[in-house]
Each structure stands twice: as structure tokens, then as C-alpha cells.
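The figures here come from the full heavy-atom set of this structure, side chains too, leaving out hydrogens, waters and symmetry mates. Residue numbers start at 1 and run along the sequence shown.
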Amino acid sequence: MATTAFDGGLLPEPEAPRARGAWVRLAAAFPLALMTFVSLIELALADRKYGLFTGGFGQSRAVDTPGEIALFLGGYAAAQAVIGLTGWALSLHLARRGPAWAPCFVFALVGGALFCGLLAAQYQLHSYFSDAVGFALLKQLGGGSLVDAILFGLSEIGMAVLALAALAAGAWAAWKLLARLLPPDLPRLGAPRRSPYVAAIVLFLAAAFAIPRTGNDAAFGLNRTLAWQALTGTLDLASDVDRDGYGLFGIQHDTAPFDGRRHPLALDVPGNGVDEDGYGGDLALVPLAAPLGPQVFTGDRPHVVIVVMESTRGDVLGKRINGKPVAPNLEALAAAGSVAYPAYSHVGFTTESLKSIFSGQLAPRAGDPSLFRDLKASGYRIGMFSGQPEDFGGISETVGMRESADVYVDAEGLRDKRAFDFAAQGSLLVDESHLLAAFDRTLGEEDWQARPHFAYFNFQSPHFPYHHDGVPARVTDAPIERGAIGAARAEDVQATYWNAVANADAWLGEVVRRLKAKGVWDDTLLIVTGDHGEDLFEDGFLGHGHVINTRQFGTMLVANRPDLLPPAPLALADYRAILTAALRGESPSAPAAAPFLHIGPLDTPTAIGLAGKGTLTSLRLDTGEACLVERGECAPHTTFTGAAKARIEALIARWGSERWRARQRGGR
């Protein structure tokens with residue numbers, strides 16, 4: 001009896017038609033099975049990485065209620081259906097002249113391997129970061145440099161290239177193998193039916209229009225998925241008829257689609273009777289602190305030492321871990337001198353925070369007056385010793401570090417001493433021991449009686465991942481490594497972080513001891529601060545600069561002299577004026593304006609905040625949700641009344657005024 005080869009075996013000839021029918025049914029079910037498989041992979045990765053459904057590591061908007069989950073799954077299924085059906089139609093077209101099994105093979109490559117490759121790239125390239133990793137934030141974490149942002153994932157990019165080469169070779173081998181195993185006369189698949197495709201498109205368009213308008217966490221969860229991102233991004237671009245950068249399908253959608261003046265984050269022009277950005281009505285400008293011009297100090301000038309402790313929260317003062325004080329040296333300085341808590345970072349990220357500290361401005365430009373330039377013009381001998389690269393993100397250029405310093409030591413120059421193997425500039429971290437050794441070889445050997453000295457130290461131990469081989473066990477015996485960090489081990493993460501802060505504090509003690517040993521302590525003005533704070537899974541979030549609260553944006557300012565600091569709250573941009581007053585022997589003045597906070601660029605933030613005495617007000621500009629943070633009260637900003645409404649309106653007016661001044665100065 002004649003036989004026909006099928007599926008790697010031999011079938012009697014009469015059974016061949018039935019086998020061919022089974023093949024057709026199997027081929028027709030293949031796209032659905034494959035899309036279901038890759039969708040489950042994506043959702044599992046998103047939950048593991050972002051805590052999409054369970055919360056946890058870096059997730060501030062988990063999809064965790066029945067309503068949110070239903071909305072998310074409806075939108076996700078619609079987007080996946082559109083992508084899957086489009087891919088299947090394309091596969092049928094591309095393989096129309098090939099073997100009968102070829103469409104399934106092509107779809108496996110396009111819908112399976114390529115989709116999984118994109119997922120692998122996304123999660124590998126973003127693995128350093130925690131939450132809300134959009135392109136703008138990736139750039140900001142790269143210090144404003146796209147090159148450095150890419151370098152964060154350089155090793156993953158190399159692996160991706162190798163993976164693509166391996167995929168191409170594997171696809172070629174699989175094609176050859178299938179061509180030998182499968183019979184050439186299998187029935188061809190017909191053209192796909194249009195009705196499922198039309199239905200999927202209609203459902204997706206409805207979901208893409210409606211879900212972002214709910215303000216629901218489902219909308220933010222969907223924006224983490226590849227198909228939804230790609231499709232809604234395309235629709236948003238296509239529906240931007242007035243070409244103002246906003247369409248109808250984004251979370252920040254255009255409520256005036258035919259008026260190019262009015263759109264989310266539009267610059268509100270004061271006094272023109274138009275509410276361009278849709279918040280707070282027409283802008284009425286509020287008073288802002290005048291930028292401090294160049295300063296020159298003469299006469300009896302004290303030495304100045306500034307220590308910045310990376311990612312150090314303001315509640316470090318009084319903090320105890322296992323009964324041990326985390327920062328005994330800092331507490332001793334505060335007891336003998338003065339302290340201001342909280343002191344707020346404006347943006348919650350290192351590069352912009354350091355620029356504010358030394359320039360005294362919210363958003364300085366390169367060449368603006370700065371403390372480095374002031375002290376250089378005043379005859380100070382200047383040395384800087386930083387555990388990070390100070391050229392990173394334009395810090396040094398903006399505030400004049402390199403041009404002013406007589407001794408310049410940072411992580412770029414100590415690259416061979418770095419604590420981790422990462423080579424990207426923004427990943428370099430050098431232990432404090434190497435900084436103090438460099439100080440001892442340079443400024444530490446000089447005669448400080450001959451002229452005033454300024455030393456800047458940047459201690460990086462408390463930077464994520466909070467532990468490296470140079471950090472001894474100071475307040476915990478079991479610091480955890482980077483790979484073990486996760487929400488399930490929140491207590492261990494917190495202990496590891498505070499142990500790192502304790503290490504920075506121990507080296508602060510070494511700085512004080514050296515100054516005393518040189519006999520210049522009484523003639524030295526020492527201030528210690530952080531650049532921003534850090535959330536440690538207290539609300540399921542790890543990191544900084546993503547959610548406006550005191551843990552992420554707040555730090556402290558401690559001085560070794562009493563009555564040196566004005567009352568809190570302060571902002572980092574207030575420091576230069578405070579130091580200027582101290583160097584002139586004047587009493588500190590209260591800041592002219594309350595601390596203003598923002599997430600993202602000043603001109604296009606996703607959230608803004610304003611701190612008061614014991615209060616913190618925030619507003620998400622992507623959803624319109626306002627929060628009275630200290631009360632834990634959040635609701636649509638239009639629902640607040642009375643004093644709460646006045647707080648929100650004051651915040652909006654402050655943001656508009658800061659933007660207006662930046663535009664008038666030629667800023668962005």
C-alpha cells in the first residue's frame with residue numbers, strides 16, 4: 001500500500017485527506033496559540049519586573065483591583081488581537097508562494113521570536129531601573145546624555161546582537177529541516193477572514209480612546225505593554241490634527257484638538273485670559289526668589305567643606321538599626337551646630353540636584369554664577385573628591401567644578417578603583433576610602449593657614465544597590481547583594497541601605513578628624529547634606545524621583561555651627577544663599593519661596609509639588625490627581641475645596657511662574 005509522509009511519520013494513502021484536514025485546523029489555531037503564549041510571557045515579565053499586578057519593586061500604580069484587572073485585560077486582548085491578526089495576514093502574504101506550512105513558520109518568527117526578542121531587549125535594557133522607565137526618564141537617569149543612557153545597557157545590546165545572529169542561523173536550519181520532513185503537497189491556507197480583524201480594530205479603538213480617560217491604573221499598566229504602546233502611540237500621532245504634540249489617545253490627551261494653543265503642558269501665558277494648559281485658569285504670576293549674582297568674599301574668610309551623601313534621607317538623624325545609631329557623626333554635628341529638615345531636592349535626581357546645590361537655582365545654565373566660581377574669585381584653594389564622575393550630566397560644566405578646582409579627583413579619574421564592573425560613566429562608583437586617600441595626598445598636606453581652602457566630598461556608598469565589597473557591616477551583619485533586592489526582602493533592603501549610610505557617616509567622621517588634626521576645625525564651615533532621598537519599599541516602591549513624597553525628595557542640611565540655618569523646609573537651591581550669608585557673617589534669611597518639586601523636565605513634568613511647613617502638595621499632570629501628601633488624601637484636583645483647593649492653586653501658579661521665568665531667560 002502506498003504511503004504519504006506527514007508530521008515525521010508514515011500514513012496510509014486513504015488517511016491522507018483526513019490528515020490534511022487536521023493540518024489545516026492545526027495551522028488555523030497556531031496564531032492564537034502562539035499569541036497566547038507570548039502574551040503570558042510578557043505579562044509574567046511585567047509583573048516580575050514592575051509588579052504590574054502584585055505591586056512591589058518600583059511599581060507605584062499596580063493593576064490590583066477587579067475593575068482595574070478587567071479593564072486592563074480587555075484593552076490588552078484588543079491590542080494583542082490587532083497585532084496578531086496583522087502579523088498573520090502579513091505571514092500569509094509573505095509565504096504565499098512557499099510551502100503550505102510556511103505561513104506558520106513566518107508567523108513563528110514574527111509573532112513569536114521577534115516579539116520575545118523585543119521583550120528581552122526591553123527588560124534587559126531597563127533592568128538597572130525600577131519604575132516609570134520611559135524614554136525621557138531613561139535620558140534623565142543618563143544625566144541628560146542619550147549616549148550614557150545607552151551605555152547603561154551596552155552589555156545587553158551586545159548580547160542582543162549575538163542573539164539575533166543565533167536566531168537567524170536557527171531559523172535557516174529549522175526551515176531546511178521542515179522542508180525535508182513535511183510533504184510538499186499539503187493544502188494551502190486561504191486568505192484570512194475580514195470580520196475578526198474589523199471587530200478587533202473596532203474594539204481596540206474604543207478601548208484606546210476610553211481607558212486613558214478613566215484615570216485608572218489600568219491605563220498606566222497598559223502603557224507598559226509593547227502592542228498597546230506601539231498602537232496608541234501611532235494613533236496619538238495621527239490624531240494630533242493641530243500639531244501641538246498631543247492627540248486623542250494618550251493618557252495626557254488633547255482636550256482642544258483644533259486649538260494649537262491649548263494642550264496638556266502648554267505654556268500658560270499670564271494675563272491673556274486663556275488657560276492654555278487646562279490647570280488653574282489663566283496664569284497669575286507669583287513672586288520668585290531672585291537669582292543670586294556672582295559673589296566675592298574678602299576679609300577673614302573661613303575654610304569651607306561640603307559633604308554630599310548620595311541618596312541620604314532626612315530621617316537619618318535619630319535612625320537606629322539593631323539598636324545602633326546609623327549616623328553618630330552626623331548627629332554629633334547637628335547637636336553642636338544646626339540642622340534643617342526636611343531639605344528638598346527639586347527633581348529627586350543627582351545631576352540636577354548638585355547643580356541646584358552649587359548654583360542656587362532651580363534650573364541653572366552652563367556658566368551661571370555658582371559657589372565654585374564665587375570661591376575661586378575669592379582666592380580659595382579648591383579641591384573636589386567625588387565618588388561619581390562629576391562631568392556626568394553636565395554637573396561640572398554647569399557649576400564650574402573642573403575649571404575652578406586646583407585638585408580634581410572623581411570616579412572617572414579613579415576608574416580602576418570602581419566598586420562595580422560597570423563601565424558606563426553614570427555607573428561608576430568609587431568607595432570613600434579612595435577619596436580620603438586622595439585628599440591626604442593633596443589638600444590634606446597643604447598649609448591651610450596660608451589661604452582659605454574649599455573641599456567638596458561626594459560620598460556614594462548609599463547609592464543603589466547599597467552594598468559593595470568596600471562597605472563593612474556597621475549596623476547589620478547581613479547586607480544583601482544587588483541580585484537579592486526585591487519587595488519580598490524589604491526589611492533586608494532597608495537594613496542594607498542604612499548600613500551604607502552608616503558607612504558614609506563613618507567617613508564623614510574621618511573628614512572631621514582630619515580637619516581637627518590640622519588645627520583648622522574652629523576656622524572651618526562644614527555642611528553636610530544629601531542630594532535627594534530614597535523610598536525603601538515603604539509603599540511598595542524602591543528608588544527616588546518617581547513619586548513626590550518626603551522619603552524620595554527629602555534630605556537634611558546639617559552645619560557645624562549653631563544658628564547658621566534658617567527654619568525648614570528648605571530647597572537645595574537655597575543653599576548657596578545660606579552659605580553666602582554665613583561667609584559674610586550675616587544671619588540667615590528665610591527663603592523667599594517655598595520648595596518647588598517636579599518629576600521630569602520643568603517644562604514638561606509628569607508631576608509637580610510644593611512644600612510648606614509640615615505640608616506637601618502634589619499634582620499629577622498626566623491624570624489630574626492632586627494629593628495632600630502629609631494627610632494621604634488624593635483625588636481629582638477639581639474636587640478639592642477651601643484651603644485644600646488654595647494649596648493646589650498655589651502649586652499650579654508656582655509651576656507656571658517658574659516656567660514663565662525660564663522661558664523669559666531662554667531656558668527650556
Taking atom CG of D440 as the centre, report whether more than 12 heavy atoms of other residues, nucleotides or ligands fall under 6.0 Å from it.
->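 Yes, the 6.0 Å shell around CG holds more than 12 heavy atoms from other groups.
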Should N329 and V511 count as side-chain neighbours, where that means a heavy-atom distance under 4.5 Å?
-> no
Does D447 offer a backbone N or O that forms a donor-acceptor pair with the side chain of Q449 under 3.5 Å?
-> no
Does R482 use its side chain to pair, donor to acceptor, with the backbone of F464 at less than 3.5 Å?
->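 Absent.
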Heavy-atom closest contact (V629 atom, S618 atom, distance) = CG2-OG, 3.8 Å
Could you go through residues 319-328 and list every donor-acceptor pair under 3.5 Å that involves a side-chain atom there, pairing it with any protein atom two or more places apart or in another chain?
from, atom 1, to, atom 2, distance (Å)
R320, NH1, E331, OE2, 2.9
R320, NH2, E331, OE1, 3.3
N322, ND2, V475, O, 2.8

Would you tell me whether H468 and D431 have side-chain atoms, one donor and one acceptor, within less than 3.5 Å of each other?
-> yes
Quick check: does any side chain N or O of E534 sit under 3.5 Å from a backbone N or O of S311, one acting as donor and the other as acceptor?
->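 Between the backbone of S311 and the side chain of E534 there is no qualifying donor-acceptor contact (under 3.5 Å).
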Min side-chain heavy-atom separation T496-I485 under 4.5 Å = no
Taking all non-hydrogen atoms of both residues, which atom of R561 and which atom of P302 are closest, and how far apart?
-> NH2-CB, 3.8 Å
Non-hydrogen atoms of A484 and R489 that approach each other most closely | CB-NH1, 3.5 Å
More than 12 heavy atoms of other groups within 6.0 Å of E397 CD | no
Do L616 and T550 have side chains that get closer than 4.5 Å, going by heavy atoms?
->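 Answer yes - side chains close enough.
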Find out whether R576 and Q295 are in side-chain contact, i.e. whether some heavy atom of one side chain is under 4.5 Å from a heavy atom of the other.
->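 Yes, at least one pair of side-chain atoms sits under 4.5 Å.
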P294 versus R373: any side-chain heavy-atom pair under 4.5 Å?
-> no
Do any N or O atoms from the side chain of D603 and from the backbone of R659 form a donor-acceptor pair under 3.5 angstrom?
-> no
Would you say the side-chain atoms of S396 pair up with the backbone N or O of F392, donor to acceptor, closer than 3.5 Å?
->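 Not at all, since once roles are kept as given, no pair shorter than 3.5 Å links the two residues.
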Any donor-acceptor pair under 3.5 Å linking the side chain of N560 with the backbone of T524?
->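 Side chain of N560 to backbone of T524, a donor-acceptor pair under 3.5 Å: yes, one is there.
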Do D574 and L557 come within less than 4.5 Å of each other through their side chains, counting heavy atoms only?
-> no
Does R441 pair with E445 as a salt bridge, N-O distance under 4.0 Å?
->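 Judged by the 4.0 Å cut-off on N to carboxylate O distance, R441 and E445 do not form a salt bridge.
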CZ on R381 to CG on L375, rounded to 0.5 Å =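 CZ of R381 is found 14.0 Å from CG of L375.
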Quick one: do D315 and R551 make a salt bridge, cutoff under 4.0 Å?
->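 Salt bridge flag = no for R551 with D315.
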Between the main-chain N or O of M556 and the side-chain N or O of T529, is there a donor-acceptor pair closer than 3.5 Å?
-> yes
Anything under 30° is parallel, anything over 60° is perpendicular, the rest tilted; go ahead and classify W448 against H453.
-> parallel
Side-chain (D410) to main-chain (E412) donor-acceptor, under 3.5 angstrom |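 Here the side-chain-to-backbone pair exists.
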Is it true that a side-chain atom of E310 and a backbone atom of P462 form a donor plus acceptor pair closer than 3.5 Å?
-> no
What residues, two or more places apart in sequence or in another chain, satisfy side-chain hydrogen bond (donor to acceptor under 3.5 Å, both in side chains) together with T580?
-> none
Quick one: closest heavy-atom pair of A405 and M384, and the distance?
->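 Nearest pair, atom of A405 first, then M384: CB-CG, 4.2 Å.
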Do the non-hydrogen side-chain atoms of D374 and L583 ever get within less than 4.5 Å of each other?
-> no
Would you give the length of the straight line joining atom CD of Q552 to atom NE2 of H546, rounded to the nearest 0.5 angstrom?
->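 That separation rounds to 7.0 Å.
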Would you list the pairs meeting ring pair (Phe, Tyr, Trp, His ring centres under 6.0 Å) in which at least one residue belongs to residues 355-381, sequence neighbours left out?
->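 Those involving residues 355-381 are F358-F372, F358-Y456, F372-F454.
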Least distance between heavy atoms, F297 atom then S378 atom = N-OG, 2.7 Å
Begin with the C-alpha distance, continue with both residues' side-chain angles, and end with the deciding distance and a verdict on side-chain contact (heavy atoms from CB on, under 4.5 Å) for W655 and L602.
-> CA-CA 8 Å; W655 174 53; L602 175 63; 4.2 Å; yes
To the nearest 0.5 Å, tell me how far L619 CG sits from L610 CG.
->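 Going from CG on L619 over to CG on L610, the span is 11.5 Å.
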Nearest-0.5 Å distance, NE2 of residue H463 to CG of residue D531 = 8.0 Å
Measure the CD-CD1 distance between E491 and I480 for me, rounded to the nearest 0.5 Å.
-> 11.0 Å
Yes or no on side-chain contact (heavy atoms from CB on, under 4.5 Å) for V407 and F385, after CA distance, side-chain angles and deciding distance?
-> CA-CA 8 Å; V407 177; F385 308 88; 3.9 Å; yes
Are any non-hydrogen side-chain atoms of N458 and L354 less than 4.5 angstrom apart?
-> yes
Go through the steps to decide whether K376 and D406 satisfy the test side-chain contact (heavy atoms from CB on, under 4.5 Å), and finish with yes or no.
-> CA-CA 9 Å; K376 187 67 174 180; D406 300 291; 3.1 Å; yes
Do other residues, nucleotides or ligands put more than 12 heavy atoms under 6.0 Å from the CD atom of E538?
->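 It does: E538 CD has more than 12 such atoms within range.
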Flag for D368-S359: side-chain donor and acceptor within less than 3.5 Å =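 No donor-acceptor contact under 3.5 Å links the two side chains.
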Considering non-hydrogen atoms only, spot the tightest contact between A340 and L570 and give its length.
->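 Taking A340 first and L570 second, the nearest heavy atoms are CB-CD1, 3.5 Å.
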Side chains of residues 586-599: which donor-acceptor pairs under 3.5 Å do they make with residues two or more places apart or in other chains?
from, atom 1, to, atom 2, distance (Å)
H598, ND1, G600, O, 2.8

Listed once per pair and sorted, the ring pair (Phe, Tyr, Trp, His ring centres under 6.0 Å) pairs that draw on residues 497-535, sequence neighbours left out |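 Only Y466-Y497, H532-H544 qualify under ring pair (Phe, Tyr, Trp, His ring centres under 6.0 Å).
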Carefully, step by step, assess V316 and M309 under the rule side-chain contact (heavy atoms from CB on, under 4.5 Å).
-> CA-CA 11 Å; V316 61; M309 295 167 59; 5.7 Å; no
Identify, with sequence neighbours excluded, every residue that meets salt bridge (Lys or Arg N to Asp or Glu O under 4.0 Å) alongside R402.
-> D391
Exam field: side chain Q361 to backbone P291, donor-acceptor pair closer than 3.5 Å =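 Looks like no, no N/O pair under 3.5 Å.
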Look up atom CG in L542 and atom CG in D535, then write down how far apart they are to the nearest 0.5 Å.
-> 8.0 Å
